[in-house]
Amino acid sequence: MNSRENMIAAIHGREHEWIPDAMLEMAVAGSASETFENGPAGGGRDGFGVLWKPSDSAGGQGCPITAAPVLEDITKWRDVVKFPNLEEFDWEALAAKQLGRVNRAERAIEYQSWNAQFLRLTHLMGFENALCAMYEEPEECYALMEAITDYKIEIVKKAAQYFKPDFFTSFDDVATERGLFMSPEVYRKLIKPHHKRLNDAVKEYGMEPIMHTCGKCEDIIEDFIEEGAVAWSSAQPVNDIKAIQKKYGSRIAVIGGYDSNGRPGQSDAASDEVEAEVKRCVDEYGSSTNYIMMGFRLAEIGSDKTFLDGLLEINSALKKYGRLR
């Protein structure tokens, strides 16, 4: 099998030859290059007017600055929130830059769309104000997330037209390491319908949906399945991944496992610590027919060791332990 065949077989729980590495074996499009979503490289305002600045704690990745939020009163979102004009973005140039050298017959392609419905609400208002708004004005939050979904579906159309990916991944981190930001009931009432409608559009345009949610979100994995996601990324070990695999089996692939927030994810982690963590993941999760490794290590700003160096070290260990046949 080549990498594409192996990855797609693993996601669907079919027989495959090795545990794939999601960080290096899929060609990634979109993601941070969606400047209308994440602001320009090095910081600046995104297409909604939210200011982003690089953060040392995120390895230099941009984070939204919400001390002066774009939206203070959720009831006024129709007058305040301005959506990016997607027609002004050079989709063709980005597709050529990101995928021009990719052999589509040999590598699976994933389009990553960051800042989905809940996260965009928090970026516009700040986390505290957004969470309060969800309890104080749920109807208005629902309406705004409905409009965000309409906008995201336009991105789905652009991704299908210019990138033609196998998978479309929506990033919506509705959880912390301790649990959901909201109760499962609130998630199901206010957010789940929009996740499902977006995933329905992804499938309509010939792609398969992946749900990316960091943190301890094990209480809503079944909701992800009902929303149509074929995989959950990035499954962090604060969740009981083995129990999730046992409960849901081939109904949803698990992409993750590596303890990127713990010692193995630190920039100064020794090679034997990285190898031990990869072996743990293979031993604990690898017996599942639809497990895909995903992990990274932080790279300190100014260090000689890059983010890619950390990925390659994880991948080297996975090649050692992750062969299935």
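Fair warning: this is a prediction, and the values are worked out from it, not measured in the lab.
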Test side-chain hydrogen bond (donor to acceptor under 3.5 Å, both in side chains), reference Tyr111, set Gln98, Lys164, Glu34, output is Glu34
Take the angle between the ring planes of Phe181 and Phe118 and call it parallel below 30°, perpendicular above 60°, tilted in between. tilted
So, Lys152 and Glu37, do they make that salt bridge, N to O below 4.0 Å? yes
Under the side-chain hydrogen bond (donor to acceptor under 3.5 Å, both in side chains) test against Thr149, which residue among His195, Gln117, Arg120 passes? Gln117
Looking at Lys279 and Asp283, does any basic side-chain N land under 4.0 Å from a carboxylate oxygen? yes
Roughly how far, to the nearest 0.5 Å, is CE of Met293 from CD1 of Ile255? 12.5 Å
Would Val50 and Leu124 count as a side-chain contact (heavy atoms from CB on, under 4.5 Å) if you check the C-alpha gap in whole Å, the side-chain angles of each, and the deciding distance to 0.1 Å? CA-CA 7 Å; Val50 174; Leu124 290 167; 4.1 Å; yes
Any chance the rings of Phe48 and Phe83 have centres within less than 6.0 Å? yes
Minimal non-hydrogen separation, Ser183 against Leu180, with atom names: C-CD1, 4.4 Å
Side chain to side chain donor-acceptor pair (under 3.5 Å) between Thr75 and Asp73: does it pass, once the steps are laid out? CA-CA 5 Å; Thr75 66; Asp73 184 345; 2.6 Å; yes
Give me the one residue out of Asp259, Val282, Ile314 that meets side chain to side chain contact (heavy atoms under 4.5 Å, CB included) with Glu277. Asp259
Side-chain (Asn315) to main-chain (Leu312) donor-acceptor, under 3.5 angstrom: no
Determine, for Glu17 against Arg323, whether the closest basic-nitrogen to carboxylate-oxygen distance falls under 4.0 angstrom. yes
Between Glu140 and Arg78, is any pair of side-chain heavy atoms under 4.5 Å apart? yes
Counting only N and O atoms by type, is there a donor-acceptor contact under 3.5 Å from the side chain of Asp21 to the main-chain atoms of Met23? yes
Is Ile252 reachable from Met26 through a run of hydrophobic residues whose side-chain heavy atoms are each under 4.5 Å from the next? no
If we only count heavy atoms from C-beta on, is the Met125 to Thr66 side-chain gap below 4.5 Å? no
Val70 vs Val81, test: side-chain contact (heavy atoms from CB on, under 4.5 Å). Steps then yes/no. CA-CA 8 Å; Val70 170; Val81 177; 5.7 Å; no
Please check if the number of heavy atoms outside Lys203 that lie under 6.0 Å from its NZ is greater than 12. yes
Distance (rounded to the nearest 0.5 Å) between Ile210 CD1 and Asn199 CG: 10.5 Å
Checking side-chain polar atoms at under 3.5 Å, does Gln236 have a donor or acceptor matched by the opposite partner on Ser260? no
Taking Trp232 for its side chain and Thr213 for its backbone only, find out whether a donor-acceptor pair lies under 3.5 Å. yes
Asp172 side chain vs Met211 backbone, donor-acceptor pair below 3.5 Å: no
Determine the minimum heavy-atom distance between Ser33 and Leu94, stating which atoms define it. CB-CD1, 3.6 Å
Within the side chain of Thr306, is there an N or O that forms a donor-acceptor pair under 3.5 Å with the backbone of Asp309? yes
Would you say Ile148 and Leu86 are hydrophobically clustered, going by side-chain heavy atoms of ILVMFWY under 4.5 Å? yes
Could you go through the side chain to side chain donor-acceptor pair (under 3.5 Å) check for Tyr291 and Glu284 one step at a time? CA-CA 10 Å; Tyr291 172 65; Glu284 291 192 20; over 6 Å; no
Might you confirm whether atom CD of Glu128 has over 12 heavy atoms from other residues, nucleotides or ligands at distances under 6.0 Å? no
Same apolar cluster: Leu198 and Leu121, side chain cutoff 4.5 Å: yes
Straight-line distance of Trp18 CH2 to Met1 CE, nearest 0.5 Å: 7.5 Å
Before accepting this row, confirm whether a basic side-chain N of the pair Asp240/Lys247 lies closer than 4.0 Å to the acidic partner's carboxylate O. no
Donor + acceptor pair across side chains of Arg280, Tyr258 (<3.5 Å): no
One pair to check against side-chain contact (heavy atoms from CB on, under 4.5 Å): Val254 and Tyr285. What are the steps and the verdict? CA-CA 9 Å; Val254 171; Tyr285 316 132; over 6 Å; no
Do Arg197 and Asp150 meet the salt-bridge criterion of a basic N to acidic O distance under 4.0 Å? yes
Of the non-hydrogen atoms in Ala269 and Val274, which two are nearest, and what is the gap between them? CB-CG2, 4.3 Å
Is it true that Glu137 and Trp77 share a donor-acceptor pair across their side chains at a distance under 3.5 Å? no
Mind checking whether Leu119 and Tyr151 sit in one hydrophobic cluster, side chains of I, L, V, M, F, W, Y counted as touching below 4.5 Å? yes
Do Val28 and Phe167 land in one hydrophobic cluster if side-chain heavy atoms of ILVMFWY residues count as linked below 4.5 Å? no
Under a 4.0 Å N-O cut-off, is there an ion pair linking Glu5 with Arg14? no
Could you tell me whether a side-chain N or O of Asp166 sits under 3.5 Å from a main-chain N or O of Ala108, the two making a donor and an acceptor? no
Answer with yes or no whether the side chains of Asn6 and Ser3 bring together a donor and an acceptor at under 3.5 Å. no
Looking at every heavy atom in both Met7 and Pro20, which two are closest together, and how far apart are they? CE-CB, 3.6 Å
side-chain contact (heavy atoms from CB on, under 4.5 Å) between Met134 and Ile191, worked out: CA-CA 10 Å; Met134 288 174 65; Ile191 303 174; 4.0 Å; yes
Side-chain touch Phe224/Cys217, heavy atoms, less than 4.5 angstrom: yes
Which heavy atom of Val202 sits nearest to which heavy atom of Pro209, and what is that distance? CG1-N, 3.7 Å
Taking the ring of His194 and the ring of Tyr142, is the distance between their centroids below 6.0 Å? yes
Check: Trp52/Asp46 side-chain N/O donor and acceptor closer than 3.5 Å: yes
When rounded to the nearest 0.5 angstrom, what is the spacing between CG in Asp90 and CD in Glu88? 12.0 Å
Which class fits the ring pair His212 and Phe171: parallel under 30°, tilted 30 to 60°, perpendicular over 60°? parallel
When you measure from the side chain of Asn129 to the backbone N and O of Glu72, does any donor-acceptor pair fall under 3.5 Å? no
Reported CD1-to-SG distance for the pair Ile241 and Cys281, which is rounded to 0.5 angstrom: 7.5 Å
Would you call the rings of Trp91 and Tyr162 parallel, tilted or perpendicular if under 30° counts as parallel and over 60° as perpendicular? parallel
Show, in sequence, the C-alpha distance, side-chain angles and deciding distance for Arg297 and Asp268, and conclude whether the salt bridge (Lys or Arg N to Asp or Glu O under 4.0 Å) test is met. CA-CA 9 Å; Arg297 294 171 60 194; Asp268 61 346; over 6 Å; no
Does this structure show an ion pair linking Lys157 with Glu204, if we count only N-O contacts that are shorter than 4.0 Å? no
Interatomic spacing from OG1 in Thr169 to CD in Glu110 - rounded to 0.5 Å: 3.5 Å
